[in-house]
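Take a look at the structure set out below.
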Amino acid sequence: MISAISHGCSFKKLLKYVFEKELSTLVSNTTALTPNDGLKRLSGEFLAVCGKRKSVTKNVVHISYSPNPLDDKTDAECIEYIERHLEEMGYGNCPHVIGAHNDTGHRHFHIITSAVDYDGKKVSDKMEKYRNIRISR
């Protein structure tokens, strides 16, 4: 499984990128709302959590996962892996939604989560890219 992580500042733009593409599907979420409730409302749910820590400017975390096509993993196995990965990265107590795309010839996943957890604590991004690589291996 290959993963890449980036930070940004617009939940709404990222939600549109993930869920307004053709053949995109919601595969898992820990939020009260889903994309079917409206991307603006879902974005508001993320912002409500981030509002607990206003000093965090890049509060949007986007992680993309591409499973190896040769592994022949089911969506359930991929989601289980992603949930464990999020926990190990420190995002286990953060709201997140996971969408899947088939637009590149192979199924891959996009995780949208917050850099601020439900308790108002910022998730540490110290050495995040290296931790991400280590956990992915």
Side-chain angles (χ1 to χ4, degrees):
M1 178 107 36
I2 298 170
S3 66
I5 190 166
S6 61
H7 292 259
C9 52
S10 176
F11 282 105
K12 190 174 177 186
K13 282 183 183 177
L14 183 54
L15 287 165
K16 281 184 168 195
Y17 169 74
V18 172
F19 293 107
E20 288 188 349
K21 274 195 171 185
E22 191 175 331
L23 302 175
S24 69
T25 56
L26 173 70
V27 291
S28 179
N29 69 306
T30 61
T31 55
L33 299 172
T34 68
N36 291 338
D37 296 312
L39 298 181
K40 186 174 182 177
R41 289 182 63 207
L42 180 55
S43 175
E45 185 174 343
F46 280 104
L47 291 172
V49 172
C50 292
K52 296 176 182 178
R53 185 53 80 79
K54 294 188 187 321
S55 61
V56 179
T57 54
K58 289 199 172 189
N59 52 15
V60 180
V61 180
H62 176 213
I63 306 171
S64 58
Y65 290 96
S66 293
N68 185 335
L70 300 176
D71 288 344
D72 198 30
K73 300 252 186 230
T74 65
D75 276 3
E77 290 172 320
C78 290
I79 298 308
E80 183 181 324
Y81 171 85
I82 290 168
E83 297 285 349
R84 252 191 350 262
H85 192 107
L86 286 171
E87 190 69 40
E88 289 183 42
M89 290 291 294
Y91 295 103
N93 191 34
C94 299
H96 67 268
V97 294
I98 303 172
H101 286 172
N102 288 315
D103 61 342
T104 60
H106 70 281
R107 191 157 176 84
H108 59 280
F109 301 87
H110 294 273
I111 294 78
I112 301 167
T113 190
S114 165
V116 178
D117 70 14
Y118 284 114
D119 299 325
K121 296 178 186 161
K122 182 183 182 315
V123 176
S124 173
D125 59 358
K126 185 176 182 180
M127 304 289 285
E128 184 175 68
K129 292 196 189 281
Y130 296 106
R131 284 186 295 133
N132 184 47
I133 291 168
R134 180 183 50 81
I135 293 167
S136 293
R137 289 185 179 157

I'd like to check [X] versus [Y] (side-chain heavy atoms, cut-off strictly below 4.5 Å). Are they in contact?
X    : Y    : value
C94  : Y118 : no
N59  : V49  : no
L23  : H101 : no
V97  : F19  : yes
N102 : E22  : no
S66  : H106 : yes

Within a 6.0 Å radius of atom NZ on K21, are there more than 12 heavy atoms belonging to other residues, nucleotides or ligands?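 More than 12 heavy atoms, drawn from other residues, nucleotides or ligands, come within 6.0 Å of this atom.
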Could you tell me whether K52 atom NZ has more than 12 heavy atoms of other residues or ligands within 6.0 Å of it?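 Check passes, neighbour count above 12.
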Are R107 and D75 within salt-bridge range, i.e. N to O under 4.0 Å?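 Looking at R107 and D75, the cut-off is met.
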Quick one: do E80 and R84 make a salt bridge, cutoff under 4.0 Å?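 Salt bridge between E80 and R84, a charged N being under 4.0 Å from a carboxylate O: yes.
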Using the side chain to side chain contact (heavy atoms under 4.5 Å, CB included) definition, which of the options I5, L14, V123 pairs with V61?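 Testing each of I5, L14, V123 against V61, the sole residue satisfying side chain to side chain contact (heavy atoms under 4.5 Å, CB included) is I5.
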May I ask you to check whether Y65 and H110 place their ring centres under 6.0 Å from each other?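 Between Y65 and H110, which both carry aromatic rings, the centre distance is not below 6.0 Å.
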Mind telling me whether F46 and F11 have parallel, tilted or perpendicular rings, with 30° and 60° as the class edges?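 Aromatic pair F11/F46 classed parallel.
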